[in-house]
Structures are given as structure tokens and as C-alpha cells.
Number of protein chains: 2
Amino acid sequence: MVDISRGSALGISGASELFQLLRDGAPRTRASLAQTTGLARSTIAARVDELMRLGLVTPVADAASTGGRPPSQFALNPAARIVLAADLGASHATIAVTDLAGTVLASRSEPMDIARGPETVLGWMVEAGLALVAELGRDRKELVAIGIGVPGPVEHSTGRPVNPPIMPGWDRFDVPGWVQQHLEVPVLVDNDVNIMALGERALAWPNVEHLVFVKVATGIGSGVISGGLLQRGAQGIAGDIGHVRVARGADVPCHCGNRGCLEALASGPAIARALREQGVDVQSGSDVVELVKRGDIDAIQAVRQAGRDIGEVLTACVSLVNPSVIAIGGSMARAGEHLIAGVREVVYTRSMPLATEHLAIVQSAAAANAAVLGASMLAIHHVLSPEGIDALAAR
Amino acid sequence: MVDISRGSALGISGASELFQLLRDGAPRTRASLAQTTGLARSTIAARVDELMRLGLVTPVADAASTGGRPPSQFALNPAARIVLAADLGASHATIAVTDLAGTVLASRSEPMDIARGPETVLGWMVEAGLALVAELGRDRKELVAIGIGVPGPVEHSTGRPVNPPIMPGWDRFDVPGWVQQHLEVPVLVDNDVNIMALGERALAWPNVEHLVFVKVATGIGSGVISGGLLQRGAQGIAGDIGHVRVARGADVPCHCGNRGCLEALASGPAIARALREQGVDVQSGSDVVELVKRGDIDAIQAVRQAGRDIGEVLTACVSLVNPSVIAIGGSMARAGEHLIAGVREVVYTRSMPLATEHLAIVQSAAAANAAVLGASMLAIHHVLSPEGIDALAAR
């Protein structure tokens, strides 16, 4: 529960609650806010003044005057503050500065092995992030939060990775605690596929409440948004579909120790391996994507079959989660419609009509930017919440 | 967002927000509430008085005196109001009166074909419900909400069934509108398996945030609670796992028109059919349960295999939802540990260690009462919410 009483003690709660109406960015008048909330005009005026003093709200030009003196409109001012958004991948790291609308103002990417451990990777992240803030000529005090995506399960409440298979040295590491020694702002940490789901939704499906984002790359995972909320599950591994069994692959061994896992059949390396067994000269998922783009029939068929395998698992997902959008991203999604076609073929054949009547299965619109955008959303959601606004006011 | 400002206009909001701390039923003192909220003692006193005036809060005896005059404790008074809870099944209907803790005060069950249509079934429900209230000697004004479970998908926001396959005449029927012609209280409607999940959680797992309830009976379905919230999905059919394909059943036709569906292999009628094909004399799922209880090896093996089939689908569920509890209920769960053993066998073999490390797979504790208990929870959650308390105060 939002602790209203404590906010009231700070004298800002009313304004931070009012701000929740304004955070969608749509312009409003004091009169319309008074009508929506039932609050006295004088109360609204005082709270809007408080938000303007904080710079979070700014006057905007009226879209259409209705004659006479136009009413004064105002809206969220996305430029008021900045956040850092970090996408720490297995072999590559990106850090960006965004405004409060998630618009990227500056970013930097570097090859970075996550196995170099948390101090090295997070140290680079903090240093590069602060350098970007300086290059933009922004005051460090304008920086109000950082969102971080990592390639493994995260206990979201503490920001600690939990048994991450490809992140040696990170297990239970206190990411927020370490980062806050260098940046005195809230630190939000989540799994990379989860933040990709947030990013995809923010960019392409802002009004969709039920969305599943599937990343198909070296591994396969998904991020599930239900009822507008990211689902993390009891151990922070909800959506971890890479090791669900696919019927076709009963005798295919997986690095997890089981057989027939989706990841062992439909990931980039798995498709490349299947093609090599047919005598095709490919080493990696990227090679497969290149072949598909050149129209190679064997590669196209292999990618389509991978789509069917993914579709088999997503059929269960459609029944369990009942999403209205499934977005397919990750490096293998660059193979284009062939992958999606395989997914659609199985999901639309195997699901109940009511579940697919309004279901869109599409390629990720955010593509390579999904993770950074999602990390910025993680930070921005926190900053613009009632607690976040109260904290800004108290700074 | 909770509209705090409108509540304030009614002068009750502060008390309804304070009540959110008390709704768990634990006794508290004014001093502890002041400490938790940071509100002035005088404000706490006034709000507690308001809740006592409404009868929602009542003084309770102190558990342990620390010497001297004991501090005055008070807690939620579950007897303050009553709700109706209805479980409308395919061929059977139950209506109960419960208090605000979900304790059943009176109930009535009757054979009732849901296909007789909404006016007939809901008419019986209203009449029987009011008769129970009268028999209990309670004033009709004490009745503050009704929760209803139906055997089909429901658009939760409007309470209308949507394309329910076994409910002719109910498609898009305005259940709340019809009921409110006879009972002027909030009407909450949901799918029967969803309310069973609510009931199971309330009875056996009140502190579990991620729980999946699986009903195995004539059909197979599940209700998914994630992050403490019931997940309904885009069309209200989240958890509808009966038609996910199971590898073993590729050539088994299902009444949905597909082949190999879980329901075609592991439901009560499907197990009975498989046994008949082996020459065993069984007509129904109940017959199978009876045979299992008598120790019949063929029946035990068939039930265990059904458990494995269900486990295959639940493995995907474990990966997607990452629950900490899977509870198996429905009439076939009366076959006991044999069904659960099959589920466990596959889920623990096939899932990633982190996902099953703290996963309990258990028989439903609420059993036959899950649905009525869940329907009462649906009503009580609404009544005890800030909006619900405000509405009570305004009556």
C-alpha cells in the first residue's frame, strides 16, 4: 500500500498523487484536474505550483482555443530530469542517458564480458554513464535513477542476481549497494528479457495490458507483462521458457542436462548446428541470419522449423497468460518473417479460437533498443511513482 | 490509482486507508498504528472511532498484558457484515452466506443445469441467498456484496460471460445488471477455476504470492495468481490449459476439434475411456476414483499417467509463471496421491532446479469448498478495499 500518511507529513503527498494523473504526458487544465479529482480549485493550484517548482510540470501551448482567453494548459516536462539505462549483456554492454519520456539523449556501447565480474562491469557502467552526463552538459544532480538489465535471474526486491548461469562472481552480489557508493540514486535491477518486454511495450504497445516478449538469440527466454505489470514469479525467473521440452527434440541433448529443450532446438547456435549436420557451412546464429537474407532455402527451412518449435511452447503460454501481443525479438528475429511465420503456424493451429481472436504475433519493434529502453522505463516508473516524486521533493 | 481526493471529499478516505492496515485481522493498538503511519495520535483516534461506528473494527482482549493497565487493542470485526458467495457449476449450484473472514454461516446446494439460462439460474441464486440471510436472522442491509463463479470465461470488468462453451444463453449476458435488479450490492463475477484459486490461497496459502490452482474434473483448467493478483488475461481466459497438446496423445481426438489436448488424455472421462479400452468396466471419472480407492492397479496406473500428462503441461507453467505452490483440485484429485505423484514425477524431472527448489506440488486443501470460499473472497476483497469501505460509509 502507498503510505499516504508519511507523504502527508512531508507536505508533498497531495502533489505526488496529483502528478499520477499528469504522468501520461497529456496536457491538462487546472479546471479539468479539479473536475477529475473533486479537489478544490485552490488545492489544485497549490499542488500544480509545487510540481512546477520541481520542474516536473510545465505550461504548454493550447491545442485549440475555444474562443476568448485560452485556459492555461500544462503537462509533464520530460526534460526535467535524466536517468541512466544500462543493458549489460553476456559479451556487450550499453549505457544510455534518457529523459523522463525514455528518449535517448546519449549512449555508449562496448564489448564487455559479463564474466569479468560485477566491480569491473559496474565500474565501467558508472564511469561511462557519468561521462555521458557530463558530455551532455547536464548537472549530476539532475540524474535521479538508474535502471540495469543483466543476463540472468534477479531478485527484484534486492537487485541481487540469483544463481545466474553465465555471470560468474555475480551470485547474490549487492548491485544497488555497490552502485550507490558512486551514484546516490535509486538503483533498479532486472533480468534482460524482462526489461526488453518493458521496452517493447513502451515503444510499440503502450496501451496493451497483456504482452509476452520472446528473445531468440544464443538462448531463448521471455518477459511476461500481465495486467500491465511485469511478472517476475517466486524466484524472479518467470518467463524462462528455454528449457521447456519440445516434442520433436526428444533425443537432442541440452547444456542444462536434459533433452529436447526449446533452447537446444531453436536458439541461434542450435539452428546453426542443425544446418551443419546437413552440410551447410555456418558457425553461428548470425551466419544463419545472413544465409536467410540471401534466400538460402535450407537456412529458411531451418529458421521456420525453429519458429514452429517456439510456437509449440508459446501455445502453452497463450493458454496460460492469454496475451494480446506476442513480440519476437533477439538477434535471430533479424531473420525476419520466416521465424514469425513458423510461430504463427503452430500457435494459430493449436490454440483455442477465443485466445487467438485478437492475438497479434509480431516482430519486435524496439529490436536492438528494447533493453536500453526497458531499463530506462524501469528507472522512470520508479521516479514518477508517488514515492519517487516525494523523494524528489525531499532532496 | 486510488482516487484519494474524492474519498477525502466524503470525509472517510483517511479511515478507509487506515482500515487497509487492519483488514488482515491482527489486533493493533492506536499507538502502534500511529507509529506505523506517522499520523498524529488524535487523527488515528478519530479514524478508529469512525471505523468502530461502522462496526468494521471492534475492541479485542489483549493477548498478553505487559503489566499495569493494558493498552486497548482492536481488530477487524468479521461479523460486521455478510456477503453471498455462489458457485454455479455445469450441473450443480451452491449458494452460501459468509462473514467478512470468509467463514460460511449457511449454505445450500442443488442440482441445477447451467444450460437452463441466466434468468432461471440467477433467479434461484438470489431467492436461495435471501432465504439463507433470513434464516440466519440477519438484516438484508447487512448484506454488502455477492461473488459469483461460473463455468466459463468471464469479462471481469463487466461481469459478462464471453463465448462460454457449456453455458447456452449466457453469452454476453449482463449478470451484474440482472442481479442488481434484486440485490442492490456490488456483484463480482469470475470463472470458476479462478475463484477456486482465490479460495485455495485464502484457506491454505494466505502469504503465497505465486500460486497455480489446477482443476482436474470433466474438464481441466487452472487459475493463476501472480504477485498476489489473480491473472485473467486479455480475454479472461488465462489459465485455460485444457487444450494444450501433450506429446503422448498425438492421435487422440478432442471435442475442441484438435488432437492430443490435455483434456482428451487426462480428464475424468478421458481416463475412464482409456480404462474401458483395456476392458475395465468404468463409465465416469467418479468410477475411476472409486477403483483407485479400492486399490485397482489398472486404475492407479491410468491416474498416474494422467498426472504425468498434466505435469508435462505444468512444466511450461512452472517456467512461465514460476509459482511457489501448485495445488491440484477438482473431482479427480480425490484419487489422492497417485495423480499428484504423476505430476511431481514430470515437473521435477523436467524443470530447471531454481524453479523447483522451493516449489510445492500439493493436493487442494480447500477441496470441494474452494469455489464457494473463492467467490466469498472475490466479494470480500471488493468490500474491504478503500473504495468498498468508502461506499459502506456513504450508505
So which part of L229(B) gets closer than 4.5 Å to some heavy atom of chain A, the side chain, the backbone, both or neither? side chain

Kindly indicate whether the side chain of C261(A), heavy atoms from C-beta on, has any atom under 4.5 Å from the side chain of R350(B). yes

Highest number of heavy-atom pairs under 4.5 Å with chain B among A247(A), G227(A), C317(A) belongs to C317(A)

From CD (Q235(B)) to CE (M352(A)), nearest 0.5 Å: 12.5 Å

Closest non-hydrogen atom pair, P323(A) against A234(B): C-CB, 4.1 Å

Given the options V325(B), L354(B), V162(B), which has more heavy-atom pairs under 4.5 Å with chain A than any of the others? L354(B)

Side chain / backbone / both / neither for V313(B) at chain A, heavy atoms under 4.5 Å: neither

E155(B), CD atom: more than 12 neighbouring heavy atoms under 6.0 Å: yes

Ignoring hydrogens and geometry, is there a side-chain-to-backbone donor-acceptor pair from N322(A) to G236(B) under 3.5 Å? yes

Measuring from L320(A):CG to L314(B):CG, what's the distance to the nearest 0.5 Å? 8.0 Å

Residues 219-231 of chain B vs side-chain hydrogen bond (donor to acceptor under 3.5 Å, both in side chains), sequence neighbours excluded, gives none

Measure P153(A) against the heavy atoms of chain B and call it side chain, backbone, both or neither at under 4.5 Å. side chain

Toward chain B, the part of C256(A) with a non-hydrogen atom under 4.5 Å: side chain

Reported CD1-to-OG1 distance for the pair I241(A) and T315(B), which is rounded to 0.5 angstrom: 14.0 Å

Residue pairs passing the salt bridge (charged side-chain N to carboxylate O under 4.0 Å, His left out) test where at least one lies in residues 228-251 of chain B, sequence neighbours excluded: D190(B)-R232(B), R248(B)-D309(B)

Within a 6.0 Å radius of atom CD on E345(B), are there more than 12 heavy atoms belonging to other residues, nucleotides or ligands? yes

